[in-house]
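Quick caveat: nothing in here was measured; it's all calculated off a predicted structure. For ligands, and for the atoms within them, numbers begin at 1 and follow the listed sequence. By convention here, the first residue in the shown sequence is residue 1.
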Amino acid sequence: MQKIRAAVCHAFGAPLEVAEVALAAPGPGEVEVTLEAVAICHSDISYAEGAWGGMLPAVYGHEAAGRITQVGAGVERLFPGDRVVVTLIRPCGHCPACASSRPTVCENPPDGRHGPLRTLEGGPLFHAMACGAFAEKVVVAASQVVPIPGAMPAESACLLSCGVITGVGAAVYAAGLRPGQDAVVIGAGGVGLNAIQGARLAGARRILAVDMTEEKLADARAFGATDGVIAGDARPWKAAKQALGRGADAVIVTVGAIPAYETAPRYLAPGGRVVMVGMPHSGATAEYEPVLFAATGQGMVGSKMGDVVIARDIPWMIDLYEQGRLKLDELVSRRWRLDEINEAIADTRAGGARRNVIVF
Ligand SMILES: [Zn+2]
Ligand SMILES: [Zn+2]
């Protein structure tokens, strides 16, 4: 065990406490990564608010990049000194989901109660999302990391771990957008901007963003949206259909707000689908008229982490970034120190930020 500093959640809804904790050395098949950057994702905030339950105390944080500093027994092709992104995707490799190339919905999720973290007194400390990355170092399975180029800025690379793959993957895989189709993206935050980038990469004809402010719609345009509609206006789907000239082939919901989910089908063209990406709190429900789906061949589908396969898709996205075809640097709205994590979380919760990133 070594001592590292981490931001610990002791009580849901309370500020995180930056303190020393104990981290085990990497076991067989694991690597230790000394972090250079970790972004704040809305999922971290939902967990810290108690929206989805879970054990306490806990260390959240799952959108990270850094340098490998130790490798466990049996780890191949990864070495101390390698720079990597760290993801929460830890497939077992042998369940039906993994066997069908859907590792993001692996049926054997890791048990964070038996992870590498302990309190200094030796008590349990939950290794949230198989990462625990609001910390100076993490110990994760080698399958959770993907190498990145030596010169890539860590605060840009870390965004690939969650927000970028989730948004781009939702457009490319879950929505299955094809060239010439039309997309609506509800929410132009850290995930929504990437769904917009994904729709552009897929060759969408028009990409319409829906958000609460003109500032957010301007952000959306900078990332490839062709049109924008203010969510708070009366019947925004009417304005959207007017702008597109028709309904959308895909509506990607990137926020967890129930009104966004309940109105999403109204933007659809016949045969279109709603892609559910934003994660409301457990127990929240939405209402739909099933007849509208049955009568028009429309559908709804959930998308977890963009349905990506990280070993295939993160190198793809790094290539696009290096070619100037995928924006990452522009997603970072502000850099913070670990000691400022509660201020960074408050700024993300306020809704104006694209991505706030803790740098080490
Ligand atoms: Zn996330
Ligand atoms: Zn599995």
Nearest-0.5 Å distance, CZ of residue F223 to CD of residue E330: 5.5 Å
Give a yes or no on whether C98 keeps an N, O or S atom under 2.8 Å from the Zn ion (ligand 2). yes
Pair Y60 + Y47: ring centers closer than 6.0 Å: yes
State, to the nearest 10 degrees, the angle whose vertex is the Zn ion (ligand 1) and whose arms point to SG of C41 and NE2 of H62. 110°
Separation between CD of E32 and CZ of R67, rounded to the nearest 0.5 Å: 13.5 Å
Going by side-chain hydrogen bond (donor to acceptor under 3.5 Å, both in side chains), name the residues that satisfy it together with K137, two or more places apart in sequence or in a different chain. Q2
Please note down the angle at the Zn ion (ligand 2) between SG of C92 and SG of C106, to the nearest 10°. 100°
